[in-house]
Structure formats: structure tokens, C-alpha cells
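Remember, it's 1-based here, ligands and their atoms both numbered in the order they're listed. What you see is a predicted model, and the numbers here were worked out from it, not measured in a lab.
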Amino acid sequence: MKESNKPFDTLVKNIDNLLAPCLAQDWPNLSVERAEGCYVYGSDGRQYLDFLAGFGACNVGHNHPRVVAAAKAQMSKMIHTAMGVTNYEPLLYLADELGQVMPGSANVFFFGNSGTEAVDGAIKLARYYTKRRGIIAFFGGFHGRSLGATSVGSSKAKYRTGYGSLLADVYFAQFPYPFRSATPENPETCSQSALDELLRLFEYVIEPEEVAALLVEPIQGEGGYIIPPQSWLVELRKICDQHGILLIFDEVQTGFGRTGGWFAADAFDVQPDIFAVAKAIANGFPLGATVARAEIMKAWGPVSHGTTCGGNPVSCAAALAVLEVIRKENLLENARKQGTYMLDKLRELQRKAPIIGDVRGLGLMTATEFIKPDTDKEPNTEVVRRILQIALDKGLLLYPCGHWNQTIRLIPALNVTQDQIDEGMKIFTEAVFEAQK
Ligand SMILES: Cc1ncc(COP(=O)(O)O)c(C=O)c1O
């Protein structure tokens, strides 16, 4: 594949001179050659069971043959033209098909390239439509890396540091975190205290009539796989309705079957006004979308927003194949079934491992939070680091999340089998026991 006669190893050793450190210096920097289904194959000749699925982008498994075939077929016809100037089949078929699986009546699309852009678009659309300035986001949330998306994120202060002024008129309210609340056994209490804080913002900081949107991940991803009580999301919806505020769900990580329904909005039975979706939409091909019901989206007049490569024909063709695979292979059902199975196994492990503070999940959006035993739930970043490395050495690829990187997400592709979950859980269990010694 390469023109150069330099061995790949030489380039890897020189990576710091080739790539920005913010890109190149992440753990574990594993060199890989190919990936298939639930496995990635390292340049070291080893097979790794992948419980990260490309940061949750490869929900139908790596290189699913149906997705590869659809992308190849589209590539041989047309890779790129200019959306708007030209129309093409995959774009409009995708809008039509996706509209049928989006919850509620959100079925008009702006296609971009990524989750970040989908969120930026959602913020722009909300301000444009409401003619209001305020955006309220939630502590611990993560929405991407552009200046706009960085401004509404608060999973780690270091993500916001060094960039001067961020977007104005962004405010933060509490996201209910049952495990770390004063009453973990009663999530409704932490839901109420989070709502009280939001209402205090309205009283002391910005009047609701000036707020364009509440922006929320229905389950926080990067922030730690935190599942809020359903009642909290229901109340957010009511508050928005009361004050003419738009509710934006960032479903970039929760979407496309990850939680066992098409979207988390289905699981919580709460409909936002605007969705941001990306990641698994095209199983790794760059694609994202801001989605809203017609009344809102139709206010976004010509040239008010735009893109060059967003809605790329190859990505759209891949996305159509993803929808077909999720349906034909019953992957929503499999996500629920295997997710329940994995959660049971994790709970079993929790009973034997005092370093595990909490296990939680919805569908196959599953995670384990680690604490220092005999403390008041002190986050255990060090043990997580050890577990990740031991698991990798044994052939399981995992990645952390959470404000202190104290949580490990376990998010295999949605077509993972029970045998593969067993294989992963065997390694994870060994790693937990070895790390807690
Ligand atoms: C909830 C959420 N929103 C937005 C983003 C940003 O998406 P992207 O990296 O595709 O720009 C991410 C990425 O992890 C995410 O998890």
C-alpha cells in the first residue's frame, strides 16, 4: 500500500515528529493492520478483542461486509460532488430512511462530517430559530472539539484550557449522577437537586426567556457512562415546553442501537426538539447529522449554514447499509440481550472485587466504575490504568471514561456474541483481580 520504502516501525518510532501530540499521545497507541467484526489485528501479529468499537463508531462490527460492499459500489460511481449544487441518491435515500427510525417527528436533516459538527449545528440552529442567546449544558458533558463544542463541554477542564475566550452565553447546570449523589439508593432525590440547580440558574443568572436550548447527552459518555433518572429528562422536557426552550439531545454516542433502542430518546421516552447524531451512523465513515422536526429545520434558510464534504455519497451509502444491517440482523435485540448478560457478569464480579464501586449500563452501553476500597468512593484512576494495560496484554482492548478516568467502558459491536462477551469478561475479571492485589 505504501509508496515509501521506510518500514512502518520507523514511522511509529518517529510519531512525535509526524503527528500533533494531542493526537498521537493517547494510550495505548497500538499499531494495528486490520480489523474485522469484534476484533482488531495488531502489527505485532496478535488478535485483540475490541470492547471499544472505534469509540462506539463501529456498532455493526469492523468492516461489516454489507457496509464495505455498499461503500465500494458507491465509490466506483461517485466519491464526492457538492451537496446542494447536486443531488444524489444515497443522500436523499438516507434522509428518507433515517427519518423513519428517528424518534418523534425529527426527520429533517443537515448532514455534516462528525459529532462535533452535529453539535455545533444544533447550537447554531437553536439560536437561529429561537433568536435567543443562552445555551445551558450540563457538568460532565462532552460534545466534541471545535470551539463551539468545546465551549459546551465540561467533562474535564483541561479540554477547555489554553484557548482564550470560548463561546459566550453558555451556562452549566448539574447532571444527576446517582452513584456519587448523597442518596444513591434514591435517584429521584438527586434528580430533584439537579433540577433545583437549573431553576436557580434561571433565577440568578439568565432568565428562561433568553435561553435558546438545553443541551444534554441522555447518558453521559466521555463523562463516565452516567445514566440519569428518567424523571430528570422528563422534567427537562417540561421546563423547555414551559419556556419555549429547545431541548437538544446529543446522541452521538448513545445512538444507532448502542442503548438497545435506535436512540436513547426511545429508552427514556422523552423526545427532544433537535438531535445531534454521528459515530455509528456510518460505522466509521465520517458522517454526522443535526436533525430536527420540519418546523424548526425549515427556518434555517439557504446559506445560513453549510459544508463541503458533509453528507458525502460514500458515507451516506455506508449509512444506508448500517440501517439495513441493524434491522436484518436484529441488532437492537442483540444489544439488549448481550448487554443484560454482560451487566449480570459485571455485577457478579463487583460482589468479589471491592475496587468496583458501581456497574451500570443500558443495552450495550456498559461501564464499571472503580474506587479505592475503604474510602468514601474515592476515584481509583491508578487501578484503572493497571487494568487497562493488563487486559491489553491479555488481548482485550478497553478505554476509560469519567472525570478522573476512573471508569472503564465496555462497548463491543452490537453483533457481539455471548461467547465473545465470555471471552472479554474472562480477561477483564483476571485483570481486575491482578490489579487489585
Ligand atoms: C456525546 C458526544 N458528542 C460529540 C462527540 C464528538 O464527536 P466527533 O468526535 O465525531 O466529533 C463525541 C465524541 O466522543 C461524543 O461522545
Side-chain angles (χ1 to χ4, degrees), residues 20 22-23 26-27 52-59 110-126 135 137-156 158-160 166-167 170 172 175 213-228 233 247-259 263-265 267-268 272 274-291 307 309-312 315 318-319 322 362-367 398-403 405 407-411:
C22 61
L23 188 66
D26 197 354
W27 178 90
L52 179 61
F55 285 125
C58 300
N59 278 6
F110 177 90
F111 287 108
N113 302 280
S114 66
T116 297
E117 283 174 74
V119 169
D120 258 26
I123 295 169
K124 285 178 77 177
L125 176 60
I135 302 291
F138 293 87
F139 280 116
F142 179 81
H143 302 285
R145 300 295 199 151
S146 65
L147 272 177
T150 298
S151 306
V152 290
S154 59
S155 60
K156 293 179 179 72
K158 76 171 175 228
Y159 293 172
R160 304 168 57 87
L166 298 177
L167 201 61
V170 172
F172 293 96
F175 188 97
L214 302 190
L215 166 64
V216 66
E217 291 163 271
I219 297 176
Q220 280 192 347
E222 152 73 16
Y225 278 44
I226 303 167
I227 307 175
L233 290 167
L247 183 61
I248 304 171
F249 273 8
D250 177 346
E251 291 237 30
V252 168
Q253 194 156 162
T254 48
F256 297 96
R258 179 51 61 192
T259 61
F263 293 91
F268 288 108
I274 304 177
F275 284 89
V277 298
K279 283 200 195 272
I281 186 173
N283 214 47
F285 283 93
L287 188 66
T290 306
V291 195
T307 173
C309 289
N312 169 273
S315 296
V322 167
L362 186 65
L364 269 171
M365 190 160 181
T366 333
L398 297 163
Y399 198 78
C401 58
H403 178 74
N405 282 338
T407 301
I408 295 178
R409 44 185 134 184
L410 300 110
I411 48 167

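- Close contacts between ligand 1 and E217 involve ligand atoms 1 (C) [criterion: under 4.0 Å to a heavy atom].
- In this structure, the protein non-hydrogen atom closest to atom 11 (O) of ligand 1 is T116 OG1, 2.6 Å.
- Looking at N405 and Y399, their side chains never bring a donor and an acceptor atom within 3.5 Å of each other.
- The backbone N or O of S155 sits nowhere less than 3.5 Å from a side-chain atom of E222 that would complete a donor-acceptor pair.
- Ligand 1 is approached by F142 to a heavy-atom distance shorter than 4.0 Å.
- Annotation for M365 and I219: closest pair CE-CG2, 3.9 Å, computed over non-hydrogen atoms.
- Between F175 and F139, the distance separating the two ring centers is not shorter than 6.0 angstrom.
- Between F263 and F275, the angle of the ring planes lies from 30° to 60°, which puts this pair in the tilted group.
- Regarding atom 10 (O) of ligand 1, its nearest protein heavy-atom neighbour is G115 N, 2.9 Å.
- Counting only residues at least two apart or in different chains, side-chain hydrogen bond (donor to acceptor under 3.5 Å, both in side chains) contacts with residues 112-121 comprise N113-E117, S114-E117, D120-S146.
- Taking every heavy atom of V252 and a limit of under 4.0 angstrom, the matching atoms of ligand 1 come to 2 (C), 3 (N), 4 (C), 5 (C), 7 (O), 12 (C), 15 (C).
- When only non-hydrogen protein atoms are considered, atom 3 (N) of ligand 1 lies nearest to D250 OD2, 2.7 Å.
- Among E251, E222, K279, Q253, the residue whose heavy atom lies closest to atom 14 (O) of ligand 1 is K279.
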